[in-house]
Amino acid sequence: MGLTNLFQSQAYGAYETKLESEILKGGPLPTHVAIIMDGNRRYAKEILRADDPKEGHVKGKDKLEEVMDWCFDLGIRNLTVYAFSTENFSRPDDEVDFLLELIKDTLVELSDDKGIHEKRVRLRVIGEKDMLDGNFLRAADEAMARTSGYSDFNFNIAIAYGGRQEIVTAVKKIATDVREGRLDVSEIDEALLSSNMYMGDIPDPDLVLRTSGELRLSNFLIWQLAYAELYFTDVYWPGFRYVDFLRAIRSFQQRNRRYGR
Ligand code: IPE
Ligand code: IPE
Ligand code: MG
């Protein structure tokens, strides 16, 4: 590490410690953080100067494991990340295959991870199962089965996920219950719809964070994010630092959540 970098990292270290203690003394932490992990390909091109965007995806995978620790160590008990959207299937085949393989490896690693079992983290894969192949689903089922008894923390990974599709699936389930006489139309309300979503038993995210400077949700949790606080940062996902994470949490604590009042 050069002198400038050393100085920068020490200065950031001190700043992080200060931010961390402000946050722990500050208002309540979010109960559920949702993250749109965006900017891998731009990171590969602009920061790594790599010709292959896959190099950015590999760095993005490492970052996810880091961010999970930041979140749980701070005491935020629910984390949901957007790893692959239903729309991402329209990318070139080799990129789709590479990404799904990388996510599958992540699931295999997480289900064996010491920290996951020590902290009693329940892993969940959410998304359109029929868009994924058998190998992938086996890894997902194994990660979920091995942690299904835990409830201290929830870590949800959205893969082949689309917010509109999730609502359509919930509506189909409800419509079937009505048709088969298990449910009356008058019983359909927001709570019923919520309970038919993939994470019906977890509070909705109260903070959603997107990296890479894009200011949109890209079909992520559109039902659940109705009243979430939004936080956008310009850094690309693989370059996301602890200090950026802490800034997002502090920003959340400084918001006035009025809920229309
Ligand atoms: C996020 O990075 C990963 C996925 C969407 C799967 P991108 O691959 O979208 O990278 P950018 O946003 O084009 O830089
Ligand atoms: C959103 O990122 C999906 C994920 C982060 C998995 P995209 O890069 O696919 O979104 P757009 O294309 O910028 O809307
Ligand atoms: Mg992107």
Side-chain angles (χ1 to χ4, degrees), residues 32-68 70-71 78-110 123-133 136 139-140 143 155-168 197-199 205 207-225 228 230-241 244-245 248:
H32 185 172
V33 172
I35 304 182
I36 302 172
M37 311 183 288
D38 197 20
N40 291 354
R41 295 179 298 188
R42 280 167 284 170
Y43 184 86
K45 190 165 178 238
E46 296 166 30
I47 310 292
L48 300 178
R49 305 263 169 220
D51 295 327
D52 191 347
K54 295 187 190 90
E55 292 190 32
H57 295 316
V58 171
K59 296 273 187 242
K61 168 185 184 286
D62 299 341
K63 185 56 65 176
L64 172 60
E65 287 156 24
E66 245 182 283
V67 176
M68 182 189 80
W70 299 343
C71 198
N78 302 291
L79 172 66
T80 302
V81 297
Y82 205 6
F84 194 90
S85 71
T86 43
E87 291 71 27
N88 290 147
F89 281 103
S90 57
R91 293 191 181 188
D93 286 348
D94 72 320
E95 188 185 353
V96 170
D97 293 346
F98 185 82
L99 269 165
L100 291 177
E101 196 61 28
L102 204 58
I103 301 167
K104 193 184 85 192
D105 292 347
T106 308
L107 292 172
V108 171
E109 282 166 31
L110 287 175
L123 298 171
R124 235 182 284 212
V125 175
I126 62 168
E128 301 299 304
K129 297 229 159 20
D130 52 10
M131 296 177 91
L132 295 163
D133 70 26
F136 192 98
F155 185 20
N156 314 298
I157 310 183
I159 302 156
Y161 176 85
R164 288 189 168 184
Q165 290 86 338
E166 183 181 15
I167 296 171
V168 169
M197 299 284 169
Y198 295 125
M199 304 187 286
L207 172 66
V208 60
L209 192 164
R210 182 172 189 150
T211 55
S212 92
E214 306 300 349
L215 308 179
R216 54 177 170 264
L217 294 178
S218 303
N219 203 14
F220 188 42
L221 301 176
I222 51 175
W223 171 268
Q224 297 88 339
L225 295 180
L230 315 180
Y231 186 88
F232 299 99
T233 174
D234 284 340
V235 292
Y236 299 139
W237 172 249
F240 188 63
R241 300 160 304 180
D244 302 311
F245 178 71

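Worth saying up front: this structure is predicted, and the values here are computed from it rather than measured. Just so you know, ligand 1 is whichever comes first in the structure, and atom 1 is the first atom listed for that ligand.
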Any nitrogen or oxygen of Arg41, side chain or backbone, less than 3.5 Å from one on ligand 1? yes

Will you find, in the side chains of Glu166 and Tyr198, an N or O donor that is under 3.5 Å from an N or O acceptor? no

Looking only at protein heavy atoms, identify the closest one to atom 2 (O) of ligand 1 and say how far it is in Å. Asn40 N, 3.0 Å

For atom 1 (C) of ligand 1, grab the closest protein heavy atom and report residue, atom and distance to one decimal in Å. Met37 O, 3.1 Å

Metal check, the Mg ion (ligand 3) vs Glu214 N/O/S, cut-off below 2.8 Å: no

Taking the non-hydrogen atoms of Arg216, is any one of them nearer than 4.0 angstrom to ligand 2? yes

Counting from 1, what ligand 1 atoms have a heavy atom of Arg42 closer than 4.0 Å? 11 (P), 12 (O), 14 (O)

Ile36 heavy atoms, cut-off 4.0 Å: which ligand 2 atoms fall inside? 5 (C)

Min heavy-atom dist Gly60 to ligand 1 below 4.0 Å: no

Please indicate whether any nitrogen or oxygen in Asp38 is less than 3.5 Å from any nitrogen or oxygen in ligand 1. yes

Does some non-hydrogen atom of Glu214 fall short of 4.0 Å from ligand 1? no

With the Mg ion (ligand 3) as the reference point, give the N/O/S atom of Asp38 that is nearest. OD1

Minimum-distance protein heavy atom relative to atom 6 (C) of ligand 1: Ala83 O, 3.5 Å

Look at Asp51 together with Lys45 and state whether they make a salt bridge at an N to O cut-off of under 4.0 Å. no

Are Arg91 and ligand 2 in contact, using a heavy-atom cut-off of under 4.0 Å? yes

Gly39 near ligand 1 by a heavy-atom separation under 4.0 Å: yes

Could you check whether any side-chain N or O of Asn40 sits under 3.5 Å from a backbone N or O of Gly60, counting only pairs where one atom can act as donor and the other as acceptor? no

